[in-house]
There are 2 protein chains.
Amino acid sequence: MTKKPADPANGSAPAARQVPMRDFSRSLPMSLLRAREAVMRQFRPSLREHGLTEQQWRILRALAAIEAVEVTELARTAFLLGPSLSRILRDLEARNLIERKTAKADQRRSMVSISKEGVKLMASVAPTSEAIYAQITSRFGARKLAELQEMLGELEQSLAGLGSADDTRAEG
Amino acid sequence: MTKKPADPANGSAPAARQVPMRDFSRSLPMSLLRAREAVMRQFRPSLREHGLTEQQWRILRALAAIEAVEVTELARTAFLLGPSLSRILRDLEARNLIERKTAKADQRRSMVSISKEGVKLMASVAPTSEAIYAQITSRFGARKLAELQEMLGELEQSLAGLGSADDTRAEG
DNA sequence: CGGAGATACTTAACATGTTAAGTGAATGCG
DNA sequence: CGCATTCACTTAACATGTTAAGTATCTCCG
């Protein structure tokens with residue numbers, strides 16, 4: 001902030017092209033990000049109408065399939081970090097969409113389950129969500145979709161255990 | 001919050017399995033999220049050592065290839081929303097990693113470029129970054145990687161123009 | 001020329017991502 | 001038993017994602 005030259009013809013001219021790298025727009029992380037965004041863009045409006053975020057929806061879906069889970073396992077299932085999950089559960093509980101009980105055997109654990117209201121909300125969202133998914137499948141092709149997911153799974157596998165030894169994140 | 005029953009044998013018992021849906025852990029968004037996370041986990045530690053976040057690194061890389069860009073085009077290139085970019089540019093400018101000049105012809109536009117310091121930082125990060133990318137490529141297979149990215153691109157294409165007509169997001 | 005509308009950002013507000021630290025409860029071991 | 005360690009979460013702090021609103025500038029048409 002010492003100076004703010006308005007004259008383009010001086011020493012502070014852009015220092016571009018000095019660090020050759022791959023075209024980052026074609027990097028794997030970018031490809032994955034763009035693809036995921038393209039997919040999520042289809043779902044967000046519908047979720048939004050029901051007052052749900054993508055992550056809240058993930059949690060409800062994870063809970064709908066089971067009786068109750070510990071927070072830690074829910075984090076693994078919904079692929080959320082502990083702190084995010086903690087906040088979201090607090091909000092979902094305030095909205096009476098989920099219920100929490102401390103485990104009898106281990107006072108540290110808290111068992112989370114979906115409430116009747118939560119089930120009702122899910123029931124109202126699920127049809128649209130399934131329809132959108134079906135449309136995506138039909139657009140892209142069911143076979144190609146299966147192939148893609150197969151490759152994504154392989155990618156995940158091939159990188160498992162490469163990062164730092166301590167995986168803070170939720171992964172099976 | 002009217003009641004908080006501790007007794008499991010009552011009407012508030014978990015209401016699971018009442019909304020049949022696909023196993024969400026196998027949904028496309030989750031597959032993409034997990035795959036991307038597996039990839040990014042490889043890069044984050046290195047970036048972190050250099051005091052950069054993933055997004056800051058994207059911006060620097062986008063800037064390294066050109067003389068200067070408008071903020072809006074940079075958003076498109078780095079695939080960031082305007083508000084995110086606005087904040088990050090403020091911080092990167094404070095750290096003297098980028099420079100900004102108001103465009104002469106149009107006072108609304110601001111031209112962004114990487115600074116000499118920014119170039120130096122990039123030069124110190126790039127080797128590790130490239131090495132990690134090479135390792136990922138080798139682990140997964142160069143051919144498969146190309147295939148995967150091809151499919152991701154096709155997925156993106158097949159969904160283009162499906163969402164709401166007004167695409168706020170940065171996309172070509 | 002002048003003001004309505006469009007543009008290019010920026011700010012604001014709220015939710016999540018990410019890492020580190022904190023808290024209370026369980027475990028293991030001397 | 002006593003206490004250090006581990007465990008299951010929660011809080012805190014900072015950065016980004018996401019949508020809406022605000023600001024300054026520019027365009028264009030009457």
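Proteins get letters first, then strands, A, B, ... in listed order; numbering begins at 1 in each.
For the OP1/OP2 pair of dT19(D) and a distance below 4.0 Å, the side-chain nitrogens and oxygens of R41(A) include no atom meeting the criterion. Using a 4.0 Å cut-off, no side-chain N or O of Q107(B) falls inside it from OP1 or OP2 of dT7(C). In this model, the phosphate group of dT11(D) is not approached by any side-chain N or O of S86(A) to a distance below 4.0 Å at OP1 or OP2. Proximity of R100(A) to the phosphate of dT10(D): a side-chain N or O atom is located under 4.0 Å from OP1 or OP2. For R87(A), no side-chain nitrogen or oxygen approaches OP1 or OP2 of dT16(C) to under 4.0 Å. Between T72(B) and dC9(C), a side-chain N or O to OP1/OP2 separation shorter than 4.0 Å is present. OP1 or OP2 of dT10(C) has not a single side-chain nitrogen or oxygen of R90(B) nearer than 4.0 Å.
The residue S84(A) sits close to a base: some heavy atom pair falls under 4.0 Å.
Of all heavy-atom pairs between G51(B) and R95(B), the closest is O-NH2, 3.0 Å.
Rounded to a whole Å, the CG atom of D106(A) is 11 Å from the C1' atom of dC9(D). Rounded to whole Å, the distance from CZ on R108(B) to C1' on dT23(D) is 12 Å. Rounded to an integer number of Å, the gap from L81(A) CG to dT18(C) P is 6 Å. Atom CG in L89(A) sits roughly 15 Å away from atom P in dA15(C) (whole-Å rounding). If you take CZ of R58(A) and P of dG17(C), they are 6 Å apart, rounded to a whole angstrom. Atom CD1 in I88(A) sits about 14 Å away from atom P in dT11(D), given to the nearest Å. Distance CG (L85(B)) to P (dT10(C)): 8 Å, rounded to an integer number of Å. dT16(D) atom C1' lies 12 Å from atom CD of Q55(A), rounded to whole Å.
Of the charged side-chain nitrogens involved, none lies within less than 4.0 Å of a carboxylate oxygen, so that E99(A) and K116(A) do not count as a salt-bridged pair. Electrostatic pairing of E147(B) and R143(B) does not count as a salt bridge here, judged by no charged N lying under 4.0 Å from a carboxylate O. Salt bridge status for R76(B) with E70(B): absent, with no side-chain N to carboxylate O gap under 4.0 Å.
Using a 4.5 Å heavy-atom cutoff, the side chains of Q55(B) and R58(B) are in contact.
Checking P83(A) against R48(A), the closest nucleotide of DNA chain D that is more toward the 5' end is the one next to P83(A).
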